[in-house]
Number of protein chains: 2
Amino acid sequence: MTDKSLHIGVVQFACSDTIEENIATAYRLVKQAAAKGARIILVQELFSGHYFCQEQNSEHFSRAHALNDDPAVRALSALAKELGVVIPISFFEKAGQVFYNTVAIADADGAILGIYRKSHIPDGPGYNEKYYFRSGDTGFRVWNTAHGRVGVGICWDQWFPEAARAMALLGAEVILYPTAIGSEPGQPDFDSSRHWQRTQQGHAAANMLPVAAANRIGSETVAGKTQSYYGSSFIAGPDGALIAEAGRDDEAVLVASFDREALATTRASWAVFRDRRPDLYGVLGTADGGRG
Amino acid sequence: MTDKSLHIGVVQFACSDTIEENIATAYRLVKQAAAKGARIILVQELFSGHYFCQEQNSEHFSRAHALNDDPAVRALSALAKELGVVIPISFFEKAGQVFYNTVAIADADGAILGIYRKSHIPDGPGYNEKYYFRSGDTGFRVWNTAHGRVGVGICWDQWFPEAARAMALLGAEVILYPTAIGSEPGQPDFDSSRHWQRTQQGHAAANMLPVAAANRIGSETVAGKTQSYYGSSFIAGPDGALIAEAGRDDEAVLVASFDREALATTRASWAVFRDRRPDLYGVLGTADGGRG
């Protein structure tokens with residue numbers, strides 16, 4: 001192990017629809033997180049612009065780039081190198097004839113270790129992702145970065161215990177989720193923010209590792225409809241407790257550190273992984289519980 | 001659907017080491033829960049006596065009975081019939097040459113719908129269950145009772161997202177966990193109660209159904225060593241929030257009701273089950289992430 005501790009940072013900000021502005025904001029906040037000691041720093045989902053999935057509009061496909069051409073990936077991987085930090089970089093990926101909701105993992109030397117393509121794609125009012133993104137084909141991945149072994153899911157993935165468990169089994173020391181979530185059209189009183197946090201706190205608690213999510217804030221108007229994003233970004237500890245939490249409306253930089261050996265010892269001694277029963281988990285491989 | 005709502009009850013009490021006393025206490029509290037409207041009522045794990053797994057002692061095997069001979073199963077299934085309620089009944093099962101940590105599901109007419117044998121068996125200081133119990137062979141089960149479709153896990157099962165997800169896939173409307181958990185020998189300042197709750201709140205939140213746990217309270221001295229049980233029994237709603245929660249030291253009866261159609265509509269519209277990716281979950285079928 002290089003670092004004795006995992007030093008996790010999370011940033012939260014409002015996105016404009018101008019990519020240069022958002023990259024500048026990400027730069028400013030990632031630098032703040034690094035100055036506070038963070039070495040693995042999480043930025044929001046699709047922070048290059050507005051959350052365009054609010055509507056189905058073919059014009060938005062022009063926002064996509066191949067991995068090697070994406071402006072956010074270029075800029076933030078350069079920043080990762082400059083600061084010597086790890087940054088998972090969320091971007092809209094064009095891959096031949098299809099498009100993915102992807103994260104590129106920039107290591108502390110700026111090298112891209114690889115990509116993860118969002119496995120679980122939501123679709124509903126205000127969150128029309130199936131129109132844009134093919135379901136990810138990479139499977140769950142974990143990255144041996146310079147500052148720790150990192151698992152990254154993307155937004156809707158965070159609702160699936162299977163994804164978190166898969167990354168834990170693959171050896172993740174921490175799981176990170178770039179996110180874009182907020183209000184639901186036509187349901188002004190509905191607020192899923194606590195539900196959203198508790199689901200992920202459950203992943204932390206069950207897998208006995210830290211979990212962090214970075215969500216956007218602010219209101220965005222796309223095609224005349226306004227949607228608000230509820231922030232509430234957080235870092236949860238290995239017992240599921242919230243160690244750090246951002247507000248609903250405020251730009252934020254969160255940092256927390258976790259002793260890696262202590263985490264590993266807790267996981268070994270608590271022994272949930274020892275007692276798993278893969279022989280009984282076949283039903284998880286079905287969509288309908290085998291009752292179809 | 002018979003009942004429009006799920007009416008869940010949870011009882012929490014201190015166990016003596018006299019089976020008749022514990023059955024009497026269970027009677028008293030289950031009746032209180034039924035009087036408050038509960039129709040599916042959860043009693044603690046192995047409530048017939050002290051939590052003997054504190055030590056490894058072959059004398060404790062004499063506590064086991066076959067399903068049809070178990071005093072607690074007989075008494076509480078009669079009570080289920082008397083009150084017209086569903087009661088999962090935890091008992092130490094003797095099955096031929098082996099022993100299981102088992103729950104029998106008493107339906108509202110007193111009939112035993114079947115048994116579930118604890119799949120995940122803990123083992124460590126103060127919780128020496130592998131000495132007594134063979135790992136369960138039934139797999140996860142869900143029961144169509146008179147008052148709702150009920151999934152039941154047992155204590156350590158509650159730490160495994162796979163178990164909760166399996167029961168949800170099998171159609172559970174609520175998941176119940178009889179429990180015995182408390183202090184850890186030699187770690188007087190260690191308290192896993194919030195970690196314990198958060199893990200299960202995560203199951204509720206991720207599967208979008210209520211989850212309830214019934215834990216014992218009190219201190220028990222087995223072979224000269226004293227262990228305390230921290231209660232904190234609870235009922236969590238489908239967003240993971242605690243709807244009802246008992247104290248650490250007090251006898252308690254908790255009740256909460258949930259509209260069954262509203263639960264089903266929430267699950268369908270939130271659509272996590274639609275978006276699961278069994279094709280990517282193969283790693284869950286391994287013990288070591290396939291990295292061995």
Side-chain angles (χ1 to χ4, degrees), chain A residues 119-124 135-140 142 156 159-166 168-171 192 194-208 236 238-241 269-291, chain B residues 119-124 135-140 142 156 159-166 168-171 192 194-208 236 238-241 269-291:
Chain A
S119 300
H120 303 97
I121 308 295
D123 205 63
S135 295
D137 59 352
T138 57
F140 307 107
V142 168
W156 192 230
W159 294 88
F160 296 80
E162 295 91 341
R165 183 65 111 196
L169 285 165
L170 292 170
S192 65
R194 300 307 107 168
H195 187 178
W196 174 76
Q197 287 183 338
R198 280 190 291 260
T199 302
Q200 295 168 84
Q201 290 176 264
H203 303 331
N207 294 293
M208 298 181 192
D239 64 354
S269 64
W270 203 243
V272 292
F273 291 94
R274 177 195 66 192
D275 294 331
R276 293 179 68 252
R277 294 289 307 275
D279 56 314
L280 300 182
Y281 299 158
V283 68
L284 299 180
T286 71
D288 65 356
R291 300 186 297 148
Chain B
S119 300
H120 303 98
I121 307 295
D123 205 63
S135 295
D137 59 350
T138 57
F140 308 106
V142 168
W156 193 231
W159 294 88
F160 296 80
E162 295 91 342
R165 183 65 111 196
L169 285 166
L170 293 169
S192 65
R194 301 306 107 170
H195 187 178
W196 174 77
Q197 288 184 337
R198 280 190 291 260
T199 303
Q200 295 168 84
Q201 290 177 264
H203 303 331
N207 294 292
M208 299 183 191
D239 63 355
S269 64
W270 204 243
V272 291
F273 291 94
R274 177 195 65 193
D275 294 332
R276 292 179 69 252
R277 295 288 305 277
D279 56 314
L280 300 182
Y281 299 158
V283 68
L284 299 180
T286 71
D288 65 356
R291 299 186 298 149

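Quick note on labels: first sequence line is chain A, next is B, and so on, each numbered from 1.
- Ranked by heavy-atom pairs shorter than 4.5 Å toward chain A, the options B:Val142, B:Leu170, B:Leu280, B:Asp275 are led by B:Asp275.
- Shortest non-hydrogen contact noted between A:Ala166 and A:Phe140 is CB-CD1, 3.6 Å.
- Considering only heavy-atom pairs separated by less than 4.5 Å from chain A, the leading option among B:His120, B:Arg165, B:Arg274, B:Glu162 is B:Glu162.
- When heavy atoms are compared at a cutoff of 4.5 Å, B:Thr138 does not approach chain A at all.
- Between B:His195 and B:Trp159, the ring-plane angle classifies as perpendicular under the 30° and 60° cut-offs.
- Looking at B:Ala164, neither its backbone nor its side chain comes within 4.5 Å of chain A, counting heavy atoms on both sides.
- Among the candidates B:Ala241, B:Gly282, B:Gly285, the residue making the largest number of heavy-atom pairs closer than 4.5 Å to chain A is B:Ala241.
- Among the candidates A:Trp270, A:Trp196, A:Phe273, the residue making the largest number of heavy-atom pairs closer than 4.5 Å to chain B is A:Trp270.
- Between A:Asp239 and B:Arg194, no side-chain nitrogen of the basic residue sits less than 4.0 Å from a carboxylate oxygen of the acidic one, so the salt-bridge criterion is not met.
- The most heavy-atom pairs under 4.5 Å with chain B, out of A:Asp279, A:Asp137, A:Thr199, A:Asn207, come from A:Thr199.
- Nearest heavy-atom pair, B:Ala204 versus B:Gly240, reported as atom, atom and distance to 0.1 Å: CB-CA, 4.0 Å.
- Contact between B:Ser135 and A:Arg277 at its shortest, heavy atoms only, is CB-NH1, 3.2 Å.
- For chain B, the nearby parts of A:Asp123 are the backbone and the side chain; heavy atoms of each come within less than 4.5 Å.
- Between chain B and the residues A:Gly139, A:Ser119, A:Pro122, A:Ala271, the largest count of heavy-atom pairs under 4.5 Å involves A:Ser119.
- For A:Ala168, no part lies under 4.5 angstrom from a heavy atom of chain B.
- For the options B:Gly202, B:Ser192, B:Ala205, heavy-atom pairs under 4.5 Å to chain A are most numerous at B:Ala205.
- Heavy atoms closer than 4.5 Å to chain B are found in both the backbone and the side chain of A:Leu284.
- For a residue to count as touching a neighbouring chain, one of its non-hydrogen atoms must lie under 4.5 Å from one of that chain's; by this rule B:Trp156 touches chain A with the side chain only.
- Within the 3.5 Å criterion, the main-chain N or O of A:Thr286 finds a donor-acceptor partner in the side chain of B:Arg276.
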